[in-house]
Amino acid sequence: MIKIVDIDKLFSDYISDYVYSSVGKVKPEDIENMMPVLYEKFGKTALKELDGCSPEEYYKKYSAKELVACLKTHIEKGVDVSDFLCEALSDARDGATELYNELSVAENEEFIMYALNMLAETDMTKFCKGILKFIEWDYGEGVKELATEILYPYANVVKDDMVARYSESSKEVKALFTEVLSHADKDDKVFDILIEQFVLHPDEIPLYAGYLGKFGDERALPFLMTAIESDKINYHDFEELRFAIECLGGTYDKERDFSKDKAYKKIISSKENIQ
């Protein structure tokens, strides 16, 4: 059984010993700069708390399944999870599969965050559809946002599932689906979703105009042009709309008066102060 050891505390003790032995020899500010080197050296140091193994060696002796169980126990007991444990799990054979298997039944959101972050460092093609539940189900904002972000590279893999579930989803889930779908290849159904969300969120123009710009379908230009012509938009929204229009190969050169806009006046004032 893997020992549940606070490696980070042992490293803190290691640094304290180093500082004490270096008084008068090394400047405090130099020790801060040396921290990465000291951490690497610590990783190769034999520790009695790890049965005489170094932190680098200790975890590599165990299977992926055992390492996942160790990660869970660390979190459940409130013991800091070390980089050495995470690295061993990432390097372990079937590490991603074991993480995903445990993730599929996990309830502890801290563990879920660790697992999602670690899976994001791997090829998630065969796992990404299973990640959708962390967007759709009743998880915390942090979990939902992370699940959304790590699906960007796999937008084409999850596209059909998202489109199929879109109409029955909540407003929050629709917004997160839209964020992912903006990274997909051109597709009529995805285009319709992005346009719908753009129209439904006039108070979030920079965000949804950005999605249209990223998606790259020039059919969005009339919608962006209509929005930018509005007398009600502020300077910031105007600039984001113009940028999205340019991303799609369009131009907007009409002179607009934003002299009364707070953001515009602040920008002009800053430029004048620089000059």
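Just so you know, these numbers use all the heavy atoms, side chains as well, and skip hydrogens, waters and symmetry mates. None of these values were measured; they are calculated from a predicted model.
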- Message: Could you measure the distance from the NZ atom of K48 to the CG atom of L10? Nearest 0.5 Å is fine.
- Response: 8.0 Å
- Query: Any side-chain heavy atom of T97 within less than 4.5 Å of one from F127?
  - Reply: yes
- Centroid-centroid under 6.0 Å between F238 and F258 rings: yes
- Should S82 and H74 be marked as a side-chain contact (heavy atoms from CB on, under 4.5 Å) after you check the CA-CA gap, both sets of side-chain angles, and the distance that decides it? CA-CA 9 Å; S82 79; H74 268 267; over 6 Å; no
- Examine L194 and M225 and state if one hydrophobic cluster contains both, with Ile, Leu, Val, Met, Phe, Trp and Tyr joined whenever side-chain heavy atoms are less than 4.5 Å apart. yes
- Query: Would the number of heavy atoms belonging to other residues, nucleotides or ligands and lying under 6.0 Å from NZ of K144 be above 12?
  - Reply: yes
- Which heavy-atom pair separates N156 from D185 by the least distance, and what is that distance? OD1-N, 2.9 Å
- Note on the structure: In this structure, CG of L67 is separated from NZ of K61 (nearest 0.5 Å) by 11.5 Å
- State, yes or no, whether a side-chain contact exists between V68 and N101 at a heavy-atom distance under 4.5 Å. no
- Grab the two heavy atoms, one from A244 and one from A209, that are nearest each other, plus how far apart they are. CB-O, 3.4 Å
- Aromatic contact, Y39 with F84 (centres under 6.0 Å): yes
- Note on the structure: Output for pair (L38 CG, F11 CZ), nearest 0.5 Å, gives 6.0 Å
- State yes or no: are the ring centers of Y264 and Y235 separated by less than 6.0 Å? yes
- Message: For Y208 and E196: C-alpha separation, side-chain torsions, deciding distance, then whether side-chain hydrogen bond (donor to acceptor under 3.5 Å, both in side chains) applies.
- Response: CA-CA 10 Å; Y208 289 92; E196 176 185 295; over 6 Å; no
- Message: Strictly by salt bridge (charged side-chain N to carboxylate O under 4.0 Å, His left out), give each pair with a member in residues 238-252 just once, sequence neighbours left out.
- Response: E239-R242
- Query: Which heavy atom of S104 sits nearest a heavy atom of K133, and at what distance?
  - Reply: O-NZ, 2.7 Å
- Do the side chains of F243 and L224 join up, straight or via other hydrophobic residues, at under 4.5 Å, putting them in one cluster? no
- Task: Mind running side-chain contact (heavy atoms from CB on, under 4.5 Å) on L132 and L151 for me, showing each step along the way?
- Result: CA-CA 9 Å; L132 287 177; L151 286 177; 3.9 Å; yes
- Residues L146, N117; criterion side-chain contact (heavy atoms from CB on, under 4.5 Å); working and verdict: CA-CA 8 Å; L146 178 57; N117 273 306; 3.6 Å; yes
- Query: Thinking salt bridges, do K189 and D187 make one under a 4.0 Å N-O criterion?
  - Reply: no
- Item | Note: K65-E98 ion pair, threshold 4.0 Å (strictly below) | no
- Within-4.5 Å side-chain heavy-atom neighbours: K254 and E229: yes
- Under 3.5 Å: donor-acceptor pair, side chain of E121, backbone of S90: no
- Task: Starting from the C-alpha separation in whole Å, work towards a yes-or-no answer on salt bridge (Lys or Arg N to Asp or Glu O under 4.0 Å) for K77 and D6.
- Result: CA-CA 11 Å; K77 292 189 173 182; D6 190 337; over 6 Å; no
- Message: Checking the side chain of R256 only, and the main-chain atoms of I228 only, is there a donor and an acceptor separated by less than 3.5 Å?
- Response: yes
- Item | Note: E49-K3 ion pair, threshold 4.0 Å (strictly below) | no
- Message: Whether D217 and K186 form a salt bridge (side-chain N of Lys/Arg under 4.0 Å from carboxylate O of Asp/Glu) is what I want to check.
- Response: no
- Query: If every non-hydrogen atom of V157 is compared with every non-hydrogen atom of T125, which pair is closest and at what distance?
  - Reply: CG1-O, 4.1 Å
- Query: Do M34 and F42 share a hydrophobic cluster (ILVMFWY, side-chain heavy atoms under 4.5 Å, transitive)?
  - Reply: yes
- Query: Hey, does the side chain of D237 reach the backbone of I233 with a donor-acceptor pair shorter than 3.5 angstrom?
  - Reply: no
- Heavy-atom check, side chain of F223 versus side chain of F198, under 4.5 Å: yes
- Do N234 and D261 meet the criterion of a side-chain donor-acceptor pair at a distance under 3.5 Å? no
- Query: Does the distance from a Lys or Arg side-chain N to an Asp or Glu carboxylate O, for E57 and K44, drop under 4.0 Å?
  - Reply: no
- Message: To the closest 0.5 Å, what do you measure between CE (M162) and CG (L176)?
- Response: 8.5 Å
- Message: Between S12 and D8 (side chain of the first, backbone of the second, donor and acceptor by atom type, cut-off under 3.5 Å), is there such a pair?
- Response: yes
- Could you tell me which non-hydrogen atom of I195 sits nearest to which non-hydrogen atom of A220, and how far apart they are? CD1-CB, 4.0 Å
- Same hydrophobic cluster for F177 and L200, using side-chain heavy-atom links shorter than 4.5 Å among ILVMFWY? no
- Return yes if some donor-acceptor pair links the side-chain N/O of T122 with the main-chain N/O of A96 below 3.5 Å, else return no. no
- Message: Can you pull out every side chain to side chain donor-acceptor pair (under 3.5 Å) where at least one residue sits in residues 168-181? Sequence neighbours excluded, please.
- Response: Y152-E179
- Query: Distance only, no hydrogens: is a donor on one side chain within 3.5 Å (strictly under) of an acceptor on the other, for S63 and E66?
  - Reply: yes
- Message: Nearest 0.5 angstrom please: I135 CD1 to E145 CD, how far?
- Response: 11.0 Å
- Would you mind reporting whether N108 and K72 have side-chain heavy atoms less than 4.5 Å apart? no
- Message: Does K41 have more than 12 heavy atoms from other residues, nucleotides or ligands lying within 6.0 Å of its NZ?
- Response: no
- For residues A155 and A184, report the shortest heavy-atom separation together with the two atoms involved. CB-N, 3.6 Å
- Query: Any side-chain heavy atom of Y62 within less than 4.5 Å of one from K60?
  - Reply: no
- Given side chains that start at C-beta, do those of K159 and Y154 come closer than 4.5 Å, heavy atoms only? no
- Message: Given 3.5 Å as the limit, does a donor-acceptor pair link the side chain of D80 with the main chain of K9, or not?
- Response: no
- Item | Inter-residue atom distance L212.CG - I245.CD1, 0.5 Å rounding | 10.5 Å
- So do the side chains of C247 and K214 get within less than 4.5 Å of each other, counting heavy atoms only? no
- Message: Quick check on the hydrophobic clustering: are Y59 and Y14 connected, directly or via other members, by side-chain heavy-atom contacts under 4.5 Å?
- Response: yes
- Message: One pair to check against side-chain contact (heavy atoms from CB on, under 4.5 Å): L71 and L99. What are the steps and the verdict?
- Response: CA-CA 10 Å; L71 173 61; L99 264 176; 4.3 Å; yes
- Task: Pick out which of V81, I2, I75 makes a side-chain contact (heavy atoms from CB on, under 4.5 Å) with C70.
- Result: I2
- Tell me whether the centres of the aromatic rings in F111 and Y114 are closer together than 6.0 Å. no
